[in-house]
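Here the structure is laid out as structure tokens; the discussion comes afterwards.
Each ligand, and each atom within it, is numbered from 1 in the order the structure gives. Fair warning: this is a prediction, and the values are worked out from it, not measured in the lab.
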Amino acid sequence: MNTNIDTGGIPDAAFLEKLANQYFKANPADELPGQGPIPATVPSSVSGLGVSPSVVQYGNTVDIKDTENDLPKHYSDGGGRIPVSVAGSGASPSVVQHGNNINIKNPQTGFPDQNLKNGDHNAAGAFTDSPANGSKEYFPFEGDKSFLTDLQTVLSSLMTSSSAPQFPELTSKGLDTQDFPAYYFLQDNPFAISGNIAQLPTDSISAVKPGFSTASVLPWGFDANLIKKDFPILQEVVNGKPIVWLDNAATTQKPRQVIERLSFFYEHENSNIHRAAHELAARATDAYEEARKKVQLFLNAASPNEIVFVRGTTEAINLVAKSWGEQYLQPGDEIIVTHLEHHANIVPWQQLAGKKGVKLRVIPVDDDGQVLLDEYARLLNPKTRLVSFTQVSNALGTVTPARKMIEMAHQAGAKVLLDGAQSVSHMRADVQALDADWFVFSGHKVFGPTGIGVLYGKEDLLNQTEPWQGGGNMIRDVTFEHTEFQKAPGRFEAGTGNIADAVGLGAAIDYVTRLGIENIQLYEHYLLQYATGLLNEVPGLKLIGTAKEKTSVLSFVLNGYSNDQVGQALNNEGIAVRTGHHCAQPILRRFGLESTVRPSLAFYNTCTDVDRLVSTLKHLKGKYR
Ligand code: PMP
């Protein structure tokens, strides 16, 4: 067997090409197990597999030269290697090349980011490839070549595999992707880290997902450096530096699979939906309704009828306030929110309170930004009709004990709206396990397009609620005297909706599903710990929001600098963070602040990204104040 690996850090391309060809030959992607051939024009998420159109069009035998000749440049992996989304996995080609295990003690694994070698700031303050003082303090993985050994073993395992992998999950479940493991083709990955799982702290995992079994965590793992390559915008250069996107709480970047799915829609499917006999109307309707089904599976909703497409979280909350709230709330009723809420989960209730004589009450938080459950218990009373709260605070990163809080609300006879804007991309949101009455999120926070979001509502509740907007699509019958409404979800989707972006959201969900939300959760958990440790070492830096259960968000202030100055200094180094009040003024004022600097993580961020953030902050601190 050829195990020729370049010891300079780059695996031998010819060897990998041969390996990939052998794999794909054994496992053709133009035929799905038990499903027959994929039609030549079926795009990525139409097949339900996140298959990139390039794979369908060009088959999946990889030839470096042909790939370069046949495919537009952006289809190839920089050096013209394997097209993206190989074999319908939704995985980047580099994942196939490099394997995808993660060292849980060291989430970046052994692959240094090829965009950025070890570096430091020079005397002029610029980030350079060569450390001025030879220090490697903030680039811990440079020089770690242990991955070569790992890589050889992974490749050996693939080379010696006697038969093509089987896909019982896929065959038995049709084309549903929900239970389909990420990187199924690496089921035998010898670096599955399940052996280490028992030693991991499980408190935060089980707290966010009750009943979460750590035994199933990260059976395949992933490498963020490689995943990053699926996101074209993350290859941008800003101010001469490779971009570091740490503004994920504001919006997430989109993988190529989502971008391609959107253009495929406009190139091959675009039509208004539901009411036409022609071919394109059927294609567009199928694509849109399939996206609804994907959301249903993603949230584990009982039926696709419980999924209403809206513009985003803000619109979803307003919909509930202006339909259910106006219909059911009476003067004297009470609504409870937490001190953590985004303005989108305050203002609509305030407006409703003013209109209906309803009282808005607020659960306080402690100095770490954790909801005070005793206070919450005291606020609940027979007049409480609604508890509306966030699963993750966008300003502090606090993960609220959602299931417990929902249970307490239900015991008091109140309904619950859970704001999932900041949670869906970081943890499993199982609406049946949570038992929320409504769950809302925005597509753009979960690697999908802007302008599309979801209101989940229990089916009976949706059907017992009067629509808030009237018009086409939401009616069953109209006369001048009377209108009969559709059942959910149609009754809440008046007019022509954002069809293409709903389809794009479906592709984003495919992508996340393929990585595995539990894998994402665990990876980000360690990345957050890593970042928290390093930020705490920056002199004069104070983290705002230190809850035990946190995800993604690292709000801070830096002594001697305004938040805008910090944001600007980071931008000079190509690092994008948010500064400001994050549309959550009440919680920042609780900490005596009007704004913070807020880096926020996603699964494509690496320890190197964090290192660059910390290094820039230390430099700023050390140099000037
Ligand atoms: N709730 C939370 C917790 C948020 O973080 C956001 C967005 N920052 C929203 C609601 C509003 O989301 P959108 O602007 O996408 O409607």
Backbone, side chain, both or neither: what part of T314 comes under 4.0 angstrom of ligand 1, heavy atoms only? both
Strictly by modelled atom types, are E289 and H274 linked by a side-chain donor-acceptor pair under 3.5 Å? yes
Under 6.0 Å between ring centres: does that hold for F309 and Y288? yes
Among N225, N248, D230, exactly one meets side-chain hydrogen bond (donor to acceptor under 3.5 Å, both in side chains) together with Y604. Which residue is that? N248
Under 4.0 Å, heavy-atom basis, I'd like to know which part of T313 is in contact with ligand 1: side chain, backbone, both or neither. both
Tell me, which protein residue and heavy-atom name are nearest atom 4 (C) of ligand 1, and how many Å apart are they? H342 CD2, 3.3 Å
Apply side-chain hydrogen bond (donor to acceptor under 3.5 Å, both in side chains) to residues Q529 and T532 and explain how you reach the verdict. CA-CA 5 Å; Q529 281 195 338; T532 305; over 6 Å; no
Quick note on ligand 1: atoms under 4.0 Å from a heavy atom of S442 include exactly 12 (O), 13 (P), 15 (O), 16 (O)
Is any N or O atom of D419, backbone or side chain, closer than 3.5 Å to an N or O atom of ligand 1? yes
Can you list the atoms of ligand 1 that are under 4.0 Å from a heavy atom of T390? 3 (C)
Check each heavy atom of H444 against ligand 1 and say whether those closer than 4.0 Å belong to the side chain, the backbone, both or neither. side chain
Counting each atom of ligand 1 from 1 as listed, which ones have a heavy atom of N394 under 4.0 Å away? 5 (O)
Looking only at heavy atoms, which two atoms of R590 and V365 are closest? And how far apart? NH2-O, 3.0 Å
Tell me the contacting part of K445 for ligand 1: side chain, backbone, both, or neither, using a 4.0 Å heavy-atom threshold, strictly below. side chain
Would you mind checking which non-hydrogen protein atom is closest to atom 5 (O) of ligand 1, with the distance to 0.1 Å? Q422 NE2, 2.7 Å
Report the C-alpha distance between T465 and S323 in whole Å, list the side-chain angles of each, state the deciding distance to 0.1 Å, and finish with yes or no for side-chain hydrogen bond (donor to acceptor under 3.5 Å, both in side chains). CA-CA 7 Å; T465 304; S323 58; 5.6 Å; no
Is the W438-W324 ring centre distance short of 6.0 angstrom? yes
